[in-house]
Amino acid sequence: MRMVDIIAKKRDGKELSTEEIRFLVDGYTNGSIPDYQMSAWAMAVLFRGMTPRETGDLTMAMAESGEQLDLTSIPGVKVDKHSTGGVGDKTTLVVAPLVAAAGIPVAKMSGRGLGHSGGTIDKLESFAGFQVERTREQFLQQVRDIGVAVIGQSGNLTPADKKLYALRDVTATVEAVPLIASSIMSKKIAAGADAILLDVKVGKGAFMKTLEEAETLARAMVDIGSQVGRRTVAVISDMNQPLGFAVGNALEVKEAIETLAGNGPKDLTELALAIGARMLMLGGLASSVDEGRGRLEEIIASGKAVDKLAQMVQAQGGDKHDVYEPDRLPKAGLTAQVTAKQDGYLAGIDAETVGHASVVLGAGRLTKEMPIDLAVGIVLHKKRGDQVRAGEPLATLHANDERLLQNALQEMDEAFAYSSEQPPEQPLIYKIVE
Ligand code: URA
């Protein structure tokens, strides 16, 4: 087999065989196929696309390119969750303990934040002493013992994806839907998932800016799931404004704890229940969304959801008291408010701008190596559609550096849009793809 023939075949819009796809993934991983040939192939995919069968084959070849996690020692259907990323998206912090308390084993690997969107692993480090690195056996044992563990991505998982993603980043081929879909799904499959719940974010603060794009990606990933025998459901949810009120690490953890206790923001609670209920269905513990939601609402009301998070924090080296007394979490020394410029309604809160402002404060990173400040961030006081009066506080910025605070305040100036009439309600969940 020759890579040049595979490139030409894709260039001409033909379907590659399973063997050809395996050849190119294996060859790229072991270095026998050079970057320039892989770049040409990725560009051909961008223009020509891939069939569902090809995309499924690419996903499995990448999933099998390195180590794979074997979760079979954990009884039950292991349902993983993945978000395409957003601002204030602390859903995993709520959903993981919540569905674990309902009986779904959650053995989850999460990522760190990059750019304007945050990452679960950074947020969890707000608990002093919390270990995001565990040995494979510690990770599996914790899930067998308490039903939940959330750790950073470890080991040599999907090296083909790591290499290809870095190449796509510098060859203008990130946008190819089959490549995004196989990149995400290969990581979930290598991490041992039996079933997968995808939260595909759409809007100004998301990777996918339009509903059409989000739906295309969701459909491609759900199709891969059925090609490779992993039940997959995608929820397409709004990321035009931040999710909940809090943006920043410890601030988001605090809001997630409030949500697990039943006192969270409406949108975050709604999304967590919608996702959690479908995870229960994927795991065979509920036969309808309503039944799943009912179970989860009972668990929240009973206090078991908060207890499950406390157990997880304790098991991973933190102190469970930080969950019951969230005022013990890191706190910033300075605060300043953004106030409304006029009377009227909030027509929008630009998630990307809020995300950038929180990065300016130090809550996020622009390069992989940048240190972050767990205490800083932004707490909104209003959401889209709310009535406001000129001078009323719209958000509080939490900072540890006066200069950064001033810079972030300047950024936040652009975050709010006003209207004289109440804007039409925007859905939180646009569509379920299954
Ligand atoms: N996230 C991923 O993991 N892969 C992509 O290709 C895009 C987003």
Side-chain angles (χ1 to χ4, degrees), residues 21 24-25 28-29 35 38-39 41-46 49-50 54-66 68-69 80-87 89 91-92 108-122 152-193 196-203 205-210 213-225 228 230 232 234-237 239 351-352 355 364-365 368:
I21 289 172
L24 75 89
V25 170
Y28 189 53
T29 311
D35 280 346
M38 202 62 180
S39 313
W41 174 81
M43 190 58 85
V45 169
L46 187 120
M50 292 177 98
E54 285 178 294
T55 316
D57 285 344
L58 177 64
T59 304
M60 287 315 285
M62 292 205 295
E64 290 162 10
S65 66
Q68 287 180 273
L69 213 56
D80 205 347
K81 173 213 168 249
H82 178 83
S83 160
T84 56
V87 178
D89 185 11
T91 317
T92 292
K108 182 151 176 51
M109 288 191 175
S110 285
R112 294 195 182 274
L114 190 63
H116 71 274
S117 61
T120 302
I121 288 303
D122 292 328
Q153 212 156 73
S154 62
N156 182 31
L157 247 55
T158 59
D161 173 64
K162 238 173 244 154
K163 246 181 125 174
L164 181 56
Y165 191 66
L167 184 74
R168 286 164 55 211
D169 208 18
V170 293
T171 55
T173 50
V174 167
E175 289 77 5
V177 169
L179 300 185
I180 301 173
S182 55
S183 166
I184 293 172
M185 292 294 283
S186 65
K187 284 181 279 224
K188 297 283 110 185
I189 291 164
I196 301 157
L197 187 296
L198 301 161
D199 182 8
V200 179
K201 300 288 187 195
V202 61
F207 196 51
M208 299 283 129
K209 303 290 181 202
T210 69
E213 286 170 351
E215 215 175 321
T216 304
L217 177 61
R219 174 54 56 203
M221 292 194 284
V222 170
D223 282 350
I224 291 174
V228 304
R230 308 298 201 280
T232 304
V235 171
I236 301 179
S237 71
M239 192 33 75
E352 193 166 2
R365 52 174 80 74
K368 275 189 180 148

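Whatever order the structure lists ligands and atoms in, that order sets their numbers, starting from 1. Quantities reported herein were computed from a predicted structural model and do not represent experimental measurements.
Seen from the ring of Phe207, Lys201 does not count as a face-on cation partner, given the 6.0 Å and 45° thresholds.
Within the 4.5 Å cutoff, the side chain of Asp199 has no heavy atoms near those of the His82 side chain.
For ligand 1, the protein residues within 4.0 angstrom (heavy atoms only) are Tyr165, Arg168, Ile180, Ser183, Ile184, Lys187, Phe207.
Every residue two or more places apart in sequence or in another chain that forms a side-chain contact (heavy atoms from CB on, under 4.5 Å) with Val228 is listed here: Met60, Ile189, Ile224, Arg230. Qualifying side-chain contact (heavy atoms from CB on, under 4.5 Å) partners for Met208, counting only residues two or more places apart in sequence or in other chains: Ile180, Glu213, Ala214, Leu217. With sequence neighbours left out, the side-chain contact (heavy atoms from CB on, under 4.5 Å) criterion links Ala234 to Leu198, Val200, Ala218, Val222, Val433.
Look at Asp35 and Lys163 and you find no salt bridge, because none of the NZ, NE, NH1 or NH2 atoms lies under 4.0 Å from a carboxylate O.
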